[in-house]
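One structure below.
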Amino acid sequence: MKYLSEFRDAAIVKTLLNNISKTVTRQWNIMEVCGGQTHGLVRHGILDMLPDQVRMIHGPGCPVCVTPVSLIDKAVELCLEHDVILCSYGDMLRVPGTEMSLQKARASGGDVRILYSPLEAVEIARSNPDREVVFFAVGFETTAPANALSVVRAKQLQLTNYSILSAHVMVPPAMEAIMDDTDTQVHGFLAAGHVCTVMGLSEYEPLVEKWKMPVVVTGFEPVDLLEGIWMVISQLENGEHRLENQYKRVVSNQGNRQAVELVKKVFEYRKRDWRGIGEIPLSGLFVKEEFVDFDAAIKFKDIKIPETVDTECLSGDIMKGKIKPPECPHFGSKCTPEHPLGAPMVSSEGACAAYYQYKMQS
Amino acid sequence: MSKKLDFQLSCPMPEMDFDTITIGHGGGGKLTQNLLKKGVFSLLDNEWLREQDDAATLSLNGSVAFSTDSFVVSPIIFPGGTIGDLAINGTVNDMAVCGARPSFLSLSFILEEGLKMDDFWQILVSIREACAEAGLKVVTGDTKVVERGKGDQIFINTTGIGYVHPKAKMGVKSIREGDAIILSGPLARHGIAIMSKRKGLEFETQLKSDTRPLHTICNQLVDKFGDAIHLMRDPTRGGAATVLHEIAGQSGFGIDLFEKNLPIDEEVAGACEMLGLDPLFVANEGLFIAVVDSAIAKQFLETVKNWQFGKEASIIGNITEEHPRQVVLSSIIGGKRVLPQASGELLPRIC
């Protein structure tokens with residue numbers, strides 16, 4: 001078992017596609033919540049292999065895309081004007097702020113460092129005691145535990161020069177927001193496998209019951225995605241609505257309790273503004289009072305950043321699945337990965353980037 | 001490996017005035033002379049360098065290839081090589097894929113104040129070894145030192161001159177529909193080996209850079225297949241995807257690429273998954289991509305496979321008149337997608 005090639009097996013893919021074709025009798029709209037799943041679908045050419053009756057709607061699960069412009073502006077300001085060492089995951093670098101992205105800030109002299117782990121940022125803080133180090137804590141439930149751990153570690157080390165700029169968002173409230181939208185045409189969800197790896201399944205039962213629709217926790221490889229789609233369609237065709245777990249090799253019912261406890265220890269839920277979508281209640285993770293010394297939003301609260309909105313980017317409509325990226329009037333013309341109008345065109349999990357990069361352009 | 005070790009043992013660093021490079025080493029005075037005499041001149045000694053003139057005088061006849069490249073890799077010493085052999089092999093390979101055999105080289109250093117003398121010596125030794133392997137002479141060069149913080153330890157520029165094989169008739173204009181595209185070996189080893197040692201990214205791997213000179217195999221192929229080889233390129237920075245895009249863009253043809261034929265080590269594939277990178281976009285230093293007449297494709301492939309580093313060579317795609325200027329990849333599962341163009345810096349993914 002190599003956990004990779006088996007899930008990209010052409011014969012199994014063919015069988016699953018056949019199963020889907022045999023099962024489906026009418027048009028169904030399925031939303032894959034996670035941007036990683038969107039990229040899997042497009043990168044492996046799966047969208048064009050599915051029968052016409054299966055319409056995939058690309059969800060809001062790109063944490064980079066929904067990070068408010070004001071937070072990016074703040075990060076830019078911190079490293080350019082306040083001599084902060086700004087540490088970030090690589091995804092965040094190209095996302096446009098009001099004036100510039102972090103990549104441009106780095107080119108303008110800002111000390112921006114790309115890291116894989118926030119614990120490296122703690123180490124940077126330890127070895128640079130005379131500099132402030134801020135980690136741009138972006139992501140869904142997947143990255144939250146590691147970011148929480150960095151705060152705990154910094155506290156243990158009694159560091160006074162480390163803080164995180166939390167832009168964390170949670171998946172279930174976003175799914176609720178989508179379903180609350182009267183224009184929504186989603187019949188079933190592929191829930192984000194890695195988010196559930198951390199959080200477990202319990203948060204999704206109430207959603208299934210409330211909206212009477214199938215939710216299948218799904219992985220990211222072609223076999224995972226197609227099996228997840230088949231499971232949703234099987235339920236829909238049978239008039240059922242259940243929570244199912246396609247991604248059992250990774251996701252357990254209870255999730256990773258230790259990780260969840262860590263998140264609860266450091267963060268609390270509050271309303272959060274989602275770029276392009278708007279405010280969603282209890283959808284953001286904010287640093288608790290107990291760890292306030294490690295909260296960059298408080299530590300640098302005197303840096304006022306005006307709220308701005310994207311005037312031309314239709315990312316909200318894209319992320320709610322109302323339009324597909326090529327239906328945006330700016331797609332590929334005014335908006336490209338090199339000159340993006342909004343985040344979905346630059347993030348590695350953004351739907352616009354997936355379409356721009358991988359879909360045939362006629 | 002043993003060869004390299006023996007060589008280094010037999011080539012100990014001479015007594016130097018300093019443990020590190022100082023601004024004075026670039027001043028042109030005694031320190032510079034000492035550094036050159038004990039370092040560059042003694043290791044790379046040949047009749048041109050011995051002259052120590054401001055310019056090397058060469059006698060050239062026939063068709064000559066001329067190529068330059070700069071090297072800024074970090075870390076400067078990595079699994080499988082150093083910035084030194086990379087700088088030699090890089091220019092050798094740029095010429096090799098044009099059907100040229102490199103003969104003469106210029107070698108220029110920009111050193112940062114504080115560079116460890118031990119590291120500089122190791123780099124010089126690797127340069128000497130790479131020059132010997134490629135059969136070329138360093139005939140001119142330059143050394144400058146910049147203040148600490150103004151460079152990244154060491155930058156190297158090399159420029160090469162070499163004779164072009166008379167049978168070489170390569171160029172994008174020679175490309176025809178149906179031509180086969182052959183890749184000489186497994187993708188992304190260099191980039192992943194470098195990344196595994198880069199600060200902040202360190203991870204355990206046995207991988208080594210694939211840096212190596214390609215002139216012998218390229219010359220052999222040109223000699224054997226002549227004008228049936230329509231184009232050769234070495235996919236370095238930007239990876240194989242960037243070269244394929246160049247070929248599609250410059251020739252006006254489309255390219256069909258088959259994911260299942262792409263040679264990728266398991267370890268590289270795993271590292272790329274972990275880092276969120278596509279091996280087609282990761283750098284290589286010892287590979288070439290050839291576009292050849294389909295009639296000789298199998299023979300060409302066999303010849304490459306007989307080369308000691310070509311065992312995993314593969315026909316990875318072909319030239320088509322469909323979808324002009326686009327590279328379309330047939331995925332392992334049979335789906336199709338456009339291979340995107342690299343868009344600047346390779347950025348790792350969040351999750």
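Chain letters run A, B, ... following the sequence lines, proteins first, then strands; residues in each count from 1. Excluded from the calculations below are hydrogen atoms, water molecules and symmetry mates; all remaining heavy atoms, backbone and side chain alike, are included.
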Worksheet entry | Close aromatic pair by centroid cut-off 6.0 Å: A:F140 and A:H194 | no
Practice prompt. Name the member of A:P337, A:G45, A:S88 that forms the most heavy-atom pairs with chain B at distances under 4.5 Å.
Written response: A:G45
Discussion item. Quick check on the 6.0 Å ring-centre criterion: do A:Y89 and A:F135 meet it?
Written reply: yes
Worksheet item: Checking A:V223 against chain B: side chain, backbone, both or neither under 4.5 Å from a heavy atom?
Response: neither
Discussion item. Consider side-chain contact (heavy atoms from CB on, under 4.5 Å). Of A:L93, A:N147, A:L102, A:I164, which one does A:F136 pass it with?
Written reply: A:L102
Worksheet item: Would you say the ring centroid of A:H44 lies under 6.0 angstrom from that of A:Y358?
Response: no
Worksheet item: Which bit of B:L339 comes within less than 4.5 Å of chain A, counting heavy atoms only: side chain, backbone, both or neither?
Response: backbone
